[in-house]
There are 2 protein chains.
Amino acid sequence: MDEYPGLDATLTALADPTRREILARLAAGDARVTDLAAPFPISLNSVSKHIRVLERADLVRRRRQGREHFLAANPEPLEAAARWIGEQRALWAWRLEGLDQILSEESRLGRRDP
Amino acid sequence: MDEYPGLDATLTALADPTRREILARLAAGDARVTDLAAPFPISLNSVSKHIRVLERADLVRRRRQGREHFLAANPEPLEAAARWIGEQRALWAWRLEGLDQILSEESRLGRRDP
DNA sequence: TAGATATTCACCCAAATGGATGAATATCCT
DNA sequence: AGGATATTCATCCATTTGGGTGAATATCTA
């Protein structure tokens with residue numbers, strides 16, 4: 001559980017369509033707060049808040065240049081999240097394929113040659 | 001964006017440590033509400049609510065058997081989430097490798113042979 | 001039938017969330 | 001200096017969330 005620090009913040013940040021769109025937009029290149037806010041029907045302030053949530057999760061990094069703040073996507077938390085999900089999927093797949101049942105069946109039967 | 005229906009519910013459900021533990025527990029096999037609740041310091045009712053959130057995201061499925069409700073993990077939403085994350089990572093990696101900058105640099109310079 | 005067990009339903013509550021607005025701050029430009 | 005621009009800060013508000021409790025419902029069992 002503590003194997004994945006920050007996973008909470010990461011998934012919370014990703015669990016909002018506006019924030020996911022912001023991240024997608026940043027794939028096209030760094031952008032200022034105003035640029036990021038432009039496509040959305042909500043206020044600039046609200047977008048500013050969303051960005052702060054993304055920053056808290058370290059999904060975006062901020063670089064100030066005069067009065068402009070440039071945001072850049074940081075892939076690391078995304079990779080951690082992908083790892084956690086992959087781990088779960090592997091465990092579930094294992095079960096679904098019935099391999100563990102077969103193995104425990106074998107040990108239950110007490111096979112002599114290991 | 002609508003390419004990933006349910007992603008909101010999926011990520012929201014995953015963005016809670018209790019719910020992630022419940023999912024992890026289900027990798028070991030189907031379990032009843034009471035079984036799932038046992039390890040947690042919170043009330044059975046609260047766990048029941050968490051399970052409902054997981055159900056809403058279709059991350060778990062319920063099979064009633066008399067008074068007992070057996071929960072099972074469903075990997076599909078997790079796979080969709082993994083796909084979205086993978087897509088983002090690919091886009092960002094593309095940028096970080098600088099390939100798009102090189103390409104846009106080329107077009108900015110107006111190369112004659114396309 | 002009566003009691004125990006498994007689960008949800010109906011509320012209550014404090015804290016967080018996503019939105020808004022208006023004012024403050026900092027920087028740029030003339 | 002003074003105005004425009006970029007961004008955040010401070011509030012406010014309605015809704016959601018994660019927790020709790022007590023009562024209802026359904027099922028099993030003695």
Side-chain angles (χ1 to χ4, degrees), chain A residues 1 6-26 28-74 77 81, chain B residues 1 6-26 29-74 77:
Chain A
M1 213 40 52
L7 190 51
D8 254 57
T10 302
L11 292 171
T12 299
L14 293 179
D16 178 279
T18 301
R19 287 192 288 266
R20 285 199 305 276
E21 279 190 53
I22 290 175
L23 284 181
R25 163 64 182 79
L26 286 177
D30 300 3
R32 300 171 308 152
V33 177
T34 309
D35 302 327
L36 291 173
F40 298 102
I42 65 180
S43 78
L44 176 70
N45 275 10
S46 293
V47 173
S48 178
K49 277 194 203 173
H50 280 301
I51 292 173
R52 217 173 334 130
V53 174
L54 290 167
E55 270 188 297
R56 203 175 50 194
D58 200 28
L59 280 161
V60 307
R61 299 270 178 80
R62 186 185 301 248
R63 162 179 44 97
R64 293 189 59 163
Q65 200 162 287
R67 53 182 168 176
E68 305 176 304
H69 300 202
F70 284 89
L71 286 311
N74 174 35
Chain B
M1 212 41 51
L7 190 50
D8 254 57
T10 303
L11 292 170
T12 298
L14 293 178
D16 178 280
T18 300
R19 287 192 288 264
R20 286 199 304 277
E21 278 189 54
I22 289 175
L23 285 181
R25 164 63 182 79
L26 287 177
D30 300 4
R32 299 171 309 152
V33 177
T34 309
D35 302 328
L36 292 173
F40 298 102
I42 66 180
S43 77
L44 176 69
N45 275 9
S46 294
V47 173
S48 178
K49 280 192 202 174
H50 280 301
I51 292 173
R52 218 174 332 130
V53 174
L54 290 168
E55 270 187 297
R56 203 176 52 196
D58 200 28
L59 279 162
V60 308
R61 298 270 178 80
R62 186 185 302 247
R63 161 178 46 96
R64 293 188 60 162
Q65 201 163 287
R67 54 182 167 176
E68 305 177 305
H69 299 203
F70 285 89
L71 287 311
N74 174 36

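- Listed by first then second residue, pairs satisfying salt bridge (charged side-chain N to carboxylate O under 4.0 Å, His left out) with a partner in residues 35-57 of chain A read A:Arg32-A:Asp35, A:Glu55-A:Arg62, not counting sequence neighbours.
- The closest donor-acceptor contact from the side chain of B:Arg25 to the backbone of B:Leu36 lies at 3.5 Å or more, if one exists at all.
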Close N/O contacts between protein and nucleotides 3-5 of chain C (under 3.5 Å):
from  : atom 1 : to      : atom 2 : distance (Å)
C:dT5 : O4'    : B:Arg67 : NH1    : 3.2
C:dT5 : O2     : B:Arg67 : NH1    : 2.9

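- Although no hydrogens or angles enter the test, the distance criterion places a donor-acceptor pair under 3.5 Å between the side chain of A:Arg20 and the main chain of A:Leu14.
- Put simply, CZ on B:Arg64 is 9 Å from C1' on D:dT27, counting in whole angstrom units.
- If you take CG on B:Asp30 and CG on B:Leu71, they are separated by 8.0 Å, rounding to the nearest 0.5 Å.
- Considering only heavy atoms from C-beta on, B:Phe40 comes within 4.5 Å of B:Glu21 through its side chain.
- In this structure, the CD1 atom of B:Ile51 is 8 Å from the P atom of C:dT7, given to the nearest Å.
- Remark: the backbone N or O of A:Asp58 is paired with a side-chain donor or acceptor of A:Asn74 at under 3.5 angstrom.
- Rounding to the nearest 0.5 Å gives a distance of 5.5 Å between CG of A:Leu59 and CG of A:Leu23.
- Which of C:dC9, C:dT17, D:dT7 sits closest to the side chain of B:Arg52 comes down to C:dC9.
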Which protein N or O atoms sit under 3.5 Å from an N or O of nucleotides 18-21 of chain D?
from   : atom 1 : to      : atom 2 : distance (Å)
D:dG18 : OP1    : B:Arg19 : NH2    : 3.2
D:dG18 : OP2    : B:Arg19 : NH1    : 3.3
D:dG19 : OP2    : B:His50 : NE2    : 2.2
D:dG19 : N7     : B:Lys49 : NZ     : 3.3
D:dG19 : O6     : B:Lys49 : NZ     : 2.5
D:dG20 : OP1    : B:Ser43 : N      : 3.4
D:dG20 : OP2    : B:Ser43 : N      : 2.8
D:dG20 : OP2    : B:Ser43 : OG     : 2.9
D:dG20 : OP2    : B:Ser46 : OG     : 2.7
D:dG20 : O6     : B:Lys49 : NZ     : 3.1
D:dT21 : O4     : B:Asn45 : ND2    : 2.7

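- Of the side-chain N and O atoms in A:His69, one or more sit less than 4.0 angstrom from OP1 or OP2 of D:dT8.
- Between A:Asp8 atom CG and D:dT17 atom P the separation is 15 Å, expressed in whole Å.
- Looking at which nucleotide of DNA chain C each of B:Phe70 and A:Gly66 is closest to, the 5′-most match is held by B:Phe70.
- In terms of modelled atom types and a separation under 3.5 Å, the side chain of A:Arg63 and the main chain of A:Ala72 share no donor-acceptor contact.
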